[in-house]
Amino acid sequence: MKKTAMITGSTSGIGLAIAKSFADRGYNLIFHGLEEEGATIAKEVATAAQVDYLHFTTDLRNADEVKAMAESCLGAFENIDVLVNNAGIQFVRPVEDMPLEKWNELFAVHVNAAFVLVKALLPAMKKKQMGRIINMASAHGLIASPYKSAYIAAKHALIGLTKAVATEGAPYRITSNAVCPGYVLTPLVEAQIPAQMQVHQLSKKEVIEQVFLKDHLIKDFVTPQAVAAAVLFLADSEAAPFITGTTLSIDAGWTAH
Ligand code: NAD
């Protein structure tokens, strides 16, 4: 029987690369994301890999809708074997100018939605005695830098949730881990460039060199495909059943110094 992977934020950037890598592995897919072209993207990826799929455009800021999405997925596929909480947003502002609404929005998308999905999908995973929960944290889930307080706090919280779920999932052979990428050149990072230029008073080239890649020991952006490979490793490798409650950094050496 084919396995099923649900990946939030999978019609763009890192999530799309993750969806493609699971499709190549023969998983049925649950695509999700706000992109207008999402339905077309989902159809193309699933058709090319000859796997079944669903596509949702649920706004993760609405917990009731997130719960309803999980219930529809469980109705369509007997079990969701892999849940990747990947969707995310960024907001760059000094702490004193960070609006509370933005703080709440970042927590809703990164933390609350992940919690609601895990809560909804765990019972079926427990019944099957198998499950892989992979949360897309960030190097910013482990360390901080200026002007991203809401994002950094939310990613740290997501790693806390990752560990808590690992303790409860272990008796059922359910693993829970977080992936911590460095900078990946996706729409999320592209969108930060103007704000970074403004707060740091730098050109675009300088923002890339002096902000994004400053702390990468390897002076390149991490690729979405590399992050997808890390997720697949945690989901479906010989080592995967024995890795739980931890973080996997794929950050070009950022957090080594
Ligand atoms: P992206 O902008 O390309 O994709 C983000 C996805 O999340 C999109 O599909 C978008 O529609 C979805 N999304 C955002 N807000 C949503 C909402 N309210 N409801 C539903 N869906 C929503 O960004 P990305 O860089 O691919 O980011 C994916 C994940 O990787 C995020 O959690 C991000 O924090 C994390 N991450 C990214 C980087 C990086 O440098 N790009 C580094 C570390 C971690």
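Atoms within a ligand are numbered from 1 in the order they appear, just like the ligands themselves. What you are looking at is a predicted structure, and each value in this text was computed from that prediction instead of being measured. Basis for what follows: all heavy atoms, side chains included, without hydrogens, waters or symmetry-related copies.
- With ligand atoms numbered from 1 in the order given, ligand 1 contributes 18 (N) to contacts under 4.0 Å with heavy atoms of Val109.
- In Ala191, neither the side chain nor the backbone holds a heavy atom less than 4.0 Å from any atom of ligand 1.
- Counting protein heavy atoms only, atom 41 (N) of ligand 1 is closest to Val184 O, 3.0 Å.
- A donor and an acceptor atom, one from each side chain of Glu206 and Ser203, are located under 3.5 Å apart.
- Counting the atoms of ligand 1 from 1 in the order shown, those under 4.0 Å from a heavy atom of Ile89 are 14 (C), 15 (N).
- Put simply, the side chain of Leu142 reaches to within 4.5 Å of the side chain of Ser249, judged on heavy atoms.
- A donor and an acceptor atom, one from each side chain of Tyr27 and Asp236, are located under 3.5 Å apart.
- Considering only heavy atoms from C-beta on, Asn85 comes within 4.5 Å of Val118 through its side chain.
- At a 4.0 Å cut-off, at least one heavy atom of Tyr151 sits close enough to ligand 1 to count as contact.
- Ring planes of Phe212 and Tyr183: tilted class, angle from 30 to 60°.
- The nearest protein atom to atom 25 (O) of ligand 1, hydrogens excluded, is given as Thr186 OG1, 2.4 Å; this is a heavy-atom distance.
- Scored by the ring pair (Phe, Tyr, Trp, His ring centres under 6.0 Å) test, His55 finds no partners at all (sequence neighbours excluded).
- By the 4.5 Å heavy-atom criterion applied to side chains, Lys163 and Thr167 are not counted as neighbours.
- Within a 6.0 Å radius of NZ in Lys204, other residues, nucleotides and ligands contribute 12 heavy atoms or fewer.
- Below 30°, between 30° and 60°, or above 60°: for His216 and Trp254 the angle between ring planes is between 30° and 60°, a tilted geometry.
- With Glu65, Met136, Arg61 as candidates, the residue nearest to atom 30 (O) of ligand 1 on a non-hydrogen basis is Met136.
- Within the 4.0 Å heavy-atom criterion, neither part of Phe221 lies near ligand 1.
- Within the structure, the closest approach of Thr58 to ligand 1 falls below 4.0 Å when heavy atoms are considered.
- The shortest distance between side-chain heavy atoms of Asp81 and Arg132 does not fall below 4.5 Å.
- Within the listing of ligand 1, atoms 3 (O), 26 (O) sit less than 4.0 angstrom from a heavy atom of Gly13.
- Among Leu188, Val189, Val66, the residue whose heavy atom lies closest to atom 23 (O) of ligand 1 is Leu188.
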>> Show, in sequence, the C-alpha distance, side-chain angles and deciding distance for Arg93 and Lys102, and conclude whether the side chain to side chain contact (heavy atoms under 4.5 Å, CB included) test is met.
In response: CA-CA 10 Å; Arg93 207 55 66 83; Lys102 281 289 169 192; over 6 Å; no
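- Residue nearest to atom 29 (C) of ligand 1, selected from Thr8, Asn86, Ile14: Asn86 (by heavy-atom distance).
- Of the listed residues (Ala108, Gly88, Pro187), the one carrying the non-hydrogen atom nearest atom 7 (O) of ligand 1 is Gly88.
- Against a heavy-atom cut-off of under 4.0 Å, Ser12 is close to the following atoms of ligand 1: 1 (P), 3 (O), 4 (O), 8 (C), 9 (O).
- Contact annotation: Pro224 has no heavy atom less than 4.0 Å from any atom of ligand 1.
- Across the listed options Leu60, Leu34, Leu158, Leu34 owns the non-hydrogen atom lying nearest to atom 16 (C) of ligand 1.
- Look at Lys155 and you'll find a heavy atom under 4.0 Å from some atom of ligand 1.
- Counting the atoms of ligand 1 from 1 in the order shown, those under 4.0 Å from a heavy atom of Gly33 are 9 (O), 11 (O).
- Within the 4.5 Å cutoff, side-chain heavy atoms of His156 are placed close to those of Ile152.
- The closest approach between a heavy atom of Ala113 and any atom of ligand 1 is not below 4.0 Å.
- Contact annotation: the side chain of Ile89 approaches that of Leu106 to within less than 4.5 Å [non-hydrogen atoms, C-beta and beyond].
- Using 4.0 Å as the threshold, His32 has a heavy atom nearer than that to some atom of ligand 1.
- Ligand 1 has at least one atom lying under 4.0 Å from a heavy atom of His110.
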